[in-house]
There are 2 protein chains.
Amino acid sequence: MRPPSTTLTGQELEIMKIVWERGSSTVREVYETMLERRKVAYTTVMTMMKILEQKKYLKKTQVERAHVYRAAQPKGKVIGAMVREFVNRVFNGSAEPLLVHLVEEGDLTREDLEEIARLRKPGRHT
Amino acid sequence: MRPPSTTLTGQELEIMKIVWERGSSTVREVYETMLERRKVAYTTVMTMMKILEQKKYLKKTQVERAHVYRAAQPKGKVIGAMVREFVNRVFNGSAEPLLVHLVEEGDLTREDLEEIARLRKPGRHT
DNA sequence: TGTTTAGTACTAATTAATTAGTATGCGACC
DNA sequence: GGTCGCATACTAATTAATTAGTACTAAACA
């Protein structure tokens with residue numbers, strides 16, 4: 001009845017961020033990192049990582065006794081999909097109103113915009 | 001255990017969009033509009049709108065036999081909060097990487113950026 | 001060797017989100 | 001006046017997301 005999320009959910013993203021950052025991680029390493037921010041059980045992290053593996057966001061390999069997880073998809077691709085999903089859901093697919101929001105709330109300065117515009121136009125043409 | 005969403009959830013947003021668009025709406029009007037997109041039960045819409053009222057996104061007034069709902073908060077404010085929450089969650093609060101994504105995926109053209117930059121700089125100074 | 005340690009597997013509980021059925025009331029219409 | 005349509009109230013079921021406990025296993029070590 002309730003459709004599963006098509007992108008990473010909140011806690012899933014937290015874990016993926018850590019794995020992307022570290023390159024590869026055991027459950028324990030992710031667990032320790034998460035503990036720095038909030039209280040969480042080791043098995044909770046393990047369960048989440050197993051789910052992420054089922055969802056094809058993580059790959060695991062056996063190393064000694066432990067599972068070592070690595071990202072199955074590059075960060076840019078996954079985050080990009082999240083951005084697209086957000087733009088679709090909230091702004092019906094058009095990015096420009098999102099940009100207006102960012103600017104109006106002062107999250108972006110004119111300098112930011114111009115810098116990005118240069119990126120888009122590496123030297124001369126469009 | 002599982003914290004409630006601090007922003008509008010998917011279906012809640014769908015309903016709010018309709019109410020913002022229409023100014024005010026009965027359950028039936030929202031229901032009819034939603035039916036154009038997908039199958040949904042009248043009572044489902046009603047339940048959602050009641051929840052939205054509890055969450056202070058909608059206000060209701062009795063008109064004749066029916067409840068007439070209006071937005072309790074302006075669209076810009078609510079959407080702005082969603083944008084902020086997204087930027088916080090996905091990009092740790094910095095909007096610039098989001099912008100890079102939008103540009104790289106071709107959702108924004110250089111022209112869009114420059115146009116917005118002008119907005120930010122209404123005539124002369126910063 | 002026996003015990004502590006660190007790992008996974010399995011199980012399960014809770015909650016928000018989503019969806020919708022059933023009951024009930026009231027006004028309109030025949 | 002009876003019935004039909006439309007409104008709400010109340011109830012409930014399902015599922016994804018989140019959290020974590022318990023059992024079991026094997027390595028490490030004293």
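Throughout, a chain's letter reflects where its sequence line sits, starting with A, and its residues are numbered from 1. Any value given below was found using the heavy atoms of this structure, including those in side chains, with hydrogens, waters and symmetry copies removed.
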Exercise. Quick one: do A:Glu21 and A:Lys17 make a salt bridge, cutoff under 4.0 Å?
Worked result: no
Problem set entry | Integer-rounded Å distance: C:dT18 C1' and B:Tyr31 OH | 16 Å
Exercise. To the nearest angstrom, how far is A:Gln62 atom CD from C:dT8 atom P?
Worked result: 8 Å
For this session: Check whether any side-chain heavy atom of A:Val78 lies under 4.5 Å from a side-chain heavy atom of A:Trp20, and answer yes or no.
Result: yes
Exercise. Is any side-chain nitrogen or oxygen of B:Arg38 closer than 4.0 Å to OP1 or OP2 of C:dT19?
Worked result: yes
Exercise. Rounded to whole angstrom units, what separation is found between the NE2 atom of B:His67 and the P atom of D:dA7?
Worked result: 12 Å
For this session: Could you check if a side-chain atom of B:Asp112 sits within less than 4.5 angstrom of a side-chain atom of B:Val103, using non-hydrogen atoms only?
Result: no
Seminar exercise, completed: Contact check, residues 2-17 of chain A vs DNA chain C, heavy-atom distance under 4.0 Å, returns A:Arg2
Seminar exercise, completed: DNA chain C in dot-bracket form (Watson-Crick or G-U pairs under 3.5 Å, [ ] crossing, | inter-strand) is ||||||||||||||||||||||||||||||
Seminar exercise, completed: Between B:Ile116 and the options A:Leu108, A:Leu102, A:Val100, the side chain to side chain contact (heavy atoms under 4.5 Å, CB included) test singles out A:Val100
Seminar exercise, completed: Numerically ordered, the residues 41-61 of chain B set in heavy-atom contact under 4.0 Å with DNA chain D is B:Tyr42, B:Thr43, B:Met46, B:Lys50
Exercise. Is the A:Phe86 ring parallel, tilted or perpendicular to the A:Phe91 ring (thresholds 30°, 60°)?
Worked result: perpendicular
Exercise. Is any side-chain heavy atom of B:Arg38 less than 4.5 Å from a side-chain heavy atom of B:Glu14?
Worked result: no
Exercise. Please give, in whole Å, the distance from D:dA7 P to B:Arg65 CZ?
Worked result: 7 Å
Problem set entry | B:Lys39 vs C:dA20: side-chain N/O to OP1/OP2 distance below 4.0 Å | yes
For this session: Give a yes or no on whether a salt bridge exists between B:Lys55 and B:Glu12, defined as a side-chain N under 4.0 angstrom from a carboxylate O.
Result: yes
For this session: Spell out, as yes or no, whether a donor-acceptor pair under 3.5 Å connects the side chain of A:Ser5 to the backbone of A:Leu8.
Result: no
